[in-house]
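Count residues from 1 along the sequence. No hydrogens, no waters, no symmetry mates; every other heavy atom, side chains included, goes into these values.
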Amino acid sequence: MKVLIVDDEVIIRNGLSTVIQWAEHGYTVLPPAASAEEALQRLPLEMPDIIFTDIRMTGASGLDLAHEVRQRYPEIEIIIISGYDEFVYAQQAMREGVSDYLLKTSRPTEIIEAANQARARIEARRQHHAKGREQEAAVNRSFLRRVLATGFSPDEASIAELWNRYPQLRIEAGKSLQIWLLSIQAMEQGDEASRPTECNASLGSVLAEELPCAWIEWNGALLVLARTEPGGPDRMNAAVRAWETRHGCRVLAASGRPVHEASELHIALASAEEAASYAWLLGHERSIRYEDISGRKGIRTVCTQDEEAELASLLRSGQEPALYAWIGRLLERITSDPEATPGSVQAYLHSLLIHAQRWLERAADSIGYSSPLTSEEPIHFGELKISPESVLTRYLGLIMKQYGEMVSATTPVQRAIAYIHEHLGQSLSLQQVARHVHMNPNYFSEMFKKETGQNYIEFVTQAKLRKAMVLLRETPAKISEIANEIGYEDIKYFNRLFKKWTGQTPSEYRANPEFCPSMD
């Protein structure tokens, strides 16, 4: 709190300045003024919080000073300290807004007590005003949130209210509005970014001092609506980096398309959100601009057969390090693709996960595995845009674990059946399969017939033909292609075999699959 003493008697003003221990009580004493006129000249620059003034001085009186201060700076507290103990002076002083009336014979403790009471009144007013401003700001932010949440162009009444609440955002000639989404990320566990609401408010307040802007919280991020100014992005960037340094956080900034009309705010927001969705893809960037990513076309959204086979082989191997290394290489390839978009990446990775799940289900069906295959926790595919490595590692690791547990709980014959189903496109001999399950071929043949009720050749043939029936029903592939898919190069032999087992040719079955008798 700053104190100004005004008195035309040098002994009085210097005495009041030096005898009382102002600093011990939290006050800073400005150089005293010799007249009311001098005090009024200095007020705009020095802005004291409390003025102690005499009444009778050469030139304007202390009451004249009080009147002028009351008109120009009503927040300043004025205390009369006079040599005249007259009621009429005190009465007039109260009319001029003087908060206290002391005599020059007052003890230092009484003067300090008057100052303390004035300080209490000042602080109470400031808290009241701050609370009022905070409430007004909260109402304004609620209004802005409602305008943006509609997803549509605001009507004329809403635009008029926007300018009324945020006059600093009014669009002038050659200016535009732009939305920034700032995501505050913790550098270490337990630092300030773990309190997102407080951090967003802190950063928003800093930016409001630097730019003509408004801010709200938006889905956990800080949304800043700013009017474009020359050097504005540089000032915002500097303010953000300084805030990062003070708070030990990292801020990712995504900016939308500048718009020249308030009616286009929904476009500004949509483009900012699209830019922000690239946070994982462009994780090395500190600032993502809509214009830099808007032309991307996306990657393919379905995995290839070679990728499916490679993933199946990894899952079957049970080698977690190899699986995680493959995930790392896959994601590195995706992030280096200049056409990758969050939506296409999500769809592509989703197709990988669906393939892995279906592969596990087919493996379980092929060996008659009865226990249900359950996930320890549901997979939220929306996370594939945010933290794909975490999702892939968790989900594919779980599938690998379940496959390992399933296989370890099965008999050699069941493992052999799973192996057969995974290699139906090859010409598998009994000896090959027996070697895969580490059994003598003759003993394996006996065990196979005992558990399945079929000899090895019959089982493999039926397995191949069942797959052919699925392909005929569900795909437009040529019959010759389907034959090759299950390991038969001779199309005529395949046709005869198919009819022998099903009673129909492949073409007849494709035309009327529901009339085919069961092979069981």
Does [X], at its [atom1] atom, have more than 12 non-hydrogen atoms belonging to other residues, nucleotides or ligands within less than 6.0 Å?
X	atom1	value
Arg358	CZ	no
Glu481	CD	yes
Arg227	CZ	yes
Glu389	CD	no

N-O pairing of [X] and [Y] below 4.0 Å:
X	Y	value
Lys2	Glu46	no
Glu172	Lys175	yes
Lys401	Glu320	no
Arg316	Glu422	yes
Glu244	Arg286	yes
Arg70	Glu75	no

Can a donor-acceptor pair be found between the side chains of [X] and [Y] at a distance below 3.5 Å?
X	Y	value
Gln357	Glu361	yes
Ser176	Thr228	yes
Tyr348	Glu307	yes
Thr245	Arg241	no

Geometric class of the Tyr27/Trp22 ring pair [parallel <30°, tilted 30-60°, perpendicular >60°]: perpendicular
Verdict with supporting geometry, Thr393 and Ser390, side-chain hydrogen bond (donor to acceptor under 3.5 Å, both in side chains): CA-CA 5 Å; Thr393 299; Ser390 173; over 6 Å; no
Check: Leu384 main-chain N/O paired with Gln346 side-chain donor or acceptor under 3.5 Å: no
Residue list, ring pair (Phe, Tyr, Trp, His ring centres under 6.0 Å) with His350, at least two apart or on another chain: Phe381
Minimal non-hydrogen separation, Ile179 against Leu265, with atom names: CD1-O, 4.1 Å
Minimum heavy-atom distance between Arg42 and Leu30, given as atom pair plus value: NH2-CB, 4.2 Å
Any residue meeting salt bridge (Lys or Arg N to Asp or Glu O under 4.0 Å) with Arg125, in chain and number order, not counting sequence neighbours: Glu77
Results of salt bridge (Lys or Arg N to Asp or Glu O under 4.0 Å) for Arg126 - residues two or more places apart only: Asp49
Check against side-chain hydrogen bond (donor to acceptor under 3.5 Å, both in side chains), Glu273 and Trp218: CA-CA 10 Å; Glu273 289 181 322; Trp218 190 261; 2.9 Å; yes
Candidate pair Trp243 and Ser202, rule side-chain hydrogen bond (donor to acceptor under 3.5 Å, both in side chains), full reasoning: CA-CA 9 Å; Trp243 187 91; Ser202 170; 2.9 Å; yes
CA sep, side-chain torsions, deciding dist, call: Glu37, Gln41, side-chain hydrogen bond (donor to acceptor under 3.5 Å, both in side chains): CA-CA 6 Å; Glu37 290 83 357; Gln41 287 180 342; over 6 Å; no
